[in-house]
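Presented below is the structure to which this report refers.
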Amino acid sequence: MELKLLRVDLSKGSFKDHVIKDEEVRKWLGGRGLGAYLAFKEIPKGIDPLGPKNKIYILTGPITGTQFPESGRYHVIGKSPQSGILGDSNSGGNFGPWLRFSGYDGIVMEGMGAKPQYLSIVEGKPKLHDASHLWGKGLVHTDNKIRKEMSAEKGGSVLGIGPAGENMANVAAIMNDKWRAAGRTGLAAVLGSKKLKAVFVKGTKHPEAVDKEAFSKVAKEKHEKVKNHGVTEALTTYGTAVLVNMVNNIGAWPTRNFSAAVFEKADEISGETLAEKYLIKPVGCWGCIIKCGRLVRAKTENYDIPEHESPEYETIWANGANCGIGDLPALLKINYLLNDMGMDTISYGNVLGTAMELFEKGKITTEDTGGLELTWGNADAAIELIWRTAHRDGFGDDLAKGTLALAEKYGDPEAAITTRGMGLAAYDPRAMKGFAVAYATSNRGEGHLRSYPVTWALLGIPKSIDPLKENGEKVDLNIYQQNLFIVIDSVVCCKFNGFSLDHTDITDALAPFTGWNITPDELMETGERLYNMERMFSVREGKYIKDELPKRLIETPIPEGPAKGHTAAHADKMIKEFWEKRGWVEGKPKKETLERLALGEFTQYL
Amino acid sequence: MPINVKFFATFRDLLGLKELELEVGPEETLKLIDLLERLFQKFGEEFRNKILENGNIRPQVNIMINGRNIKFLDEINSPLKDSDIVAIFPPVAGG
Ligand code: SF4
């Protein structure tokens, strides 16, 4: 099987096709894996992420947009302005499949445009359009307007950036279909630097399996497996925010910038409350039967929020518990505005939580904030600062740079709860010990969906392990999931398949689709290869090679709740065990590890 | 102080309530299974079947006593005392 990429040179306004041959696809798959490989080869060491030499890879994978369950996703890769190392992010909605239907499996954005433009690909024909009239506009307007201009009331899909990306905020997100985000690592700012406002894709070229009949049969079987799995019902009924109460209940919900781990208002902002008060209906990405998205509408005394796709678990946490905000309509408003401005909801919550802590400590004052009282729980300030951040106006410029830069500027770097410069997510590794490894060893930093200790701590997948226990089995499971999840991100389907399906199910589908005689072991070895190769970007860059957790989590015990007294002091031991098991030294793959994984060409960078 | 029982996700819809309190006599020693039996009597067979399978808690149902999963305590024989908080979750997924 081959993958066809469109290379867009924005400096020259020219196009070139690039076909990835079968052999390379088998080695790097597609999506995140292929993107990391191309980025390594094509983005020179040490370049400015916002300069002309950075590239953005928007890629699908072999099974994107097919009958395989939950295959409506795509992946974005490039050098991150937020971390300075390889950045990547995944998104759902409809864009991935429509990109394939348009005749291309991926797009590479190169160079820098002199003026705002948007790209369209319709039935295999790429075209650049002037986007001056869209520059400065939010995503809702941009999506509507481009659809009008492309005469596409139905079908097709729009990916774009908002003012946050245009103004090159590190916390900007690439959005598609208005409400879906490739949010983390700030790659929207790179598109902003290239003056690429949006991409519209449409077409009728459906990806075809080598053995159509066999693939179709496997895909149907896997659909049944997903449908009949216990967790599917909960995701459909309550969305991802169904986890709010559960994680809070075990005392692992980071609260007020990780100063506590139980949020007193969790139930008020939970998936249950969302469903009871504001849900119109569950909605899903292209072809999805789980439908974990929520279409919501809220009209309250304080807020009138139009129909949109509601905040996910992570968004509710980052802007809710993490900032002490327990008001669900306010969180809907925050989510709506962040989406429209094109900002990563997690990164915004991260930086706002840090700013609030510094304000409470007196290190940031109203003189810095332009008069805003950044006290815990101040939803009005959170809302007001969204526009200012997207436009880098006043204090918004500090927030736009992200958590670490903010904490450093105001003289308290330890208030940035980050790994590899990326703000952490909605699980406290002091109370869910497996997350210590997940966060510390994630190649892009942060890493709540690079491996997912929730599966064994709460869902019993593959088995139940006490979240408070420190043991080596969690290291093994993290490694297994890191390898599996990079495969999922590279064949490009949804990780929520990972609750009901495993690597053997993916192999079952990949074999008839691609015509490869592939085994589950080969697939997992491919995952291991990709994970090692991805790490080599940091190694060559000489940045964030060592895996480590923020000091606060290692030294400061959780003050209350079921995990009271626990720290993440165990991280050091588990990370060493992780290196040993991966065949790494101090975060670097050993020469023999790279050679074993057919990565000999990378050994020169060790 | 009574035992506080909290229900989550689909259990809230099934039972039509979020929480209830169960009085325990001062001399009474209660295990989780005793409490569950009281709940089954009150809410009926459907609830029982959603919680138990062959006399054990279904694999993806989570029950926490004061935030600690009974899987890591004494399962259905975990002891309960006054003012304990018991949280009962149907299968949930992730984010
Ligand atoms: S499970 Fe949710 S995120 Fe995954 S494809 Fe379906 S709707 Fe999208």
Side-chain angles (χ1 to χ4, degrees), chain A residues 229-252 261-262 267 270-272 275-276 290 292 312-317 425-427 431 448-449 452 454-455 457-461 463-469 495-496 498-500 561-564, chain B residues 3-21 32 35 46-81 83-95:
Chain A
H229 196 271
V231 300
T232 301
E233 186 192 352
L235 261 182
T236 308
T237 316
Y238 294 108
T240 54
V242 71
L243 268 190
V244 167
N245 277 319
M246 196 161 193
V247 178
N248 193 58
N249 197 272
I250 63 164
V262 178
D267 197 29
S270 65
E272 288 93 330
E276 185 192 322
I290 300 176
C292 76
E312 303 283 349
Y313 168 72
E314 285 291 341
T315 306
I316 288 179
W317 164 75
Y427 311 92
H448 66 290
L449 286 174
Y452 198 50
V454 170
T455 60
L458 293 174
L459 311 178
I461 301 168
K463 64 179 191 171
S464 295
I465 309 179
D466 189 344
L468 287 176
K469 216 161 120 191
K495 281 197 192 97
F496 291 164
F499 300 134
S500 40
K564 183 176 173 180
Chain B
I3 291 175
N4 180 235
V5 187
K6 292 179 189 288
F7 304 102
F8 294 95
T10 45
F11 287 158
R12 287 190 179 173
D13 299 332
L14 181 73
L15 309 179
L17 82 173
K18 287 186 187 175
E19 61 184 311
L20 57 78
E21 308 221 308
L32 178 74
L35 175 130
E46 192 184 350
F47 184 51
R48 177 192 294 272
N49 293 335
K50 293 225 181 242
I51 300 273
L52 293 184
E53 184 180 57
N54 305 324
N56 278 317
I57 306 293
R58 285 181 170 275
Q60 276 147 3
V61 166
N62 283 294
I63 301 180
M64 321 285 183
I65 300 175
N66 303 325
R68 292 288 291 146
N69 200 316
I70 57 145
K71 285 175 190 155
F72 316 120
L73 301 171
D74 211 354
E75 303 267 1
I76 52 172
N77 293 316
S78 305
L80 290 169
K81 57 179 185 334
S83 344
D84 277 348
I85 299 173
V86 177
I88 307 182
F89 294 87
V92 301

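Here is the naming used below: chain letters follow the sequence lines, and residue numbers restart at 1 for every chain. The analysis underlying the following values was restricted to heavy atoms, covering all of them including side chains, and did not include hydrogens, waters or symmetry mates.
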**Q.** Part of Asp267(A) within contact of chain B (heavy atom distance under 4.5 Å)
**A.**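 Contact with chain B involves the side chain of Asp267(A) alone.
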Q. Of the backbone (N, CA, C, O) and the side chain (C-beta and beyond), which part of Leu458(A) lies under 4.5 Å from a heavy atom of chain B, both, or neither?
A.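 Both backbone and side chain.
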Hey, could you give me the [atom1]/[atom2] distance between [X] and [Y], rounded to the nearest 0.5 Å?
X         : Y         : atom1 : atom2 : result
Ile250(A) : Asn62(B)  : CD1   : CG    : 9.0 Å
Asn245(A) : Phe7(B)   : CG    : CZ    : 13.5 Å
Gln60(B)  : Ser464(A) : CD    : OG    : 9.0 Å

Q: Find the one option among Ala563(A), Gly561(A), Pro562(A) whose heavy-atom pairs under 4.5 Å with chain B are most numerous.
A: Pro562(A)
**Q.** Interface residues of residues 69-77 of chain B facing chain A - heavy atom cut-off under 4.5 Å
**A.** Lys71(B), Phe72(B)
**Q.** Asn249(A) side chain to Met64(B) backbone, donor-acceptor under 3.5 Å
**A.**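 Pair absent, no side-chain N/O of Asn249(A) close to backbone of Met64(B).
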For the residue pair [X] and [Y], what are the closest heavy atoms and their distance?
X         : Y         : result
Thr10(B)  : Tyr238(A) : N-CE1, 3.2 Å
Leu468(A) : Arg68(B)  : CD1-NH1, 3.3 Å
Glu272(A) : Phe8(B)   : OE2-CB, 3.5 Å

(Q) If you count heavy atoms of other groups shown closer than 6.0 angstrom to NZ of Lys564(A), is the number above 12? (A)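 No, NZ of Lys564(A) has 12 or fewer neighbouring heavy atoms, counting only those of other groups under 6.0 Å.
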Q. Relative to chain A, which of Gly67(B), Pro59(B), Ala87(B) shows the most heavy atom pairs under 4.5 Å?
A.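 Of Gly67(B), Pro59(B), Ala87(B), Gly67(B) has the most heavy-atom pairs under 4.5 Å with chain A.
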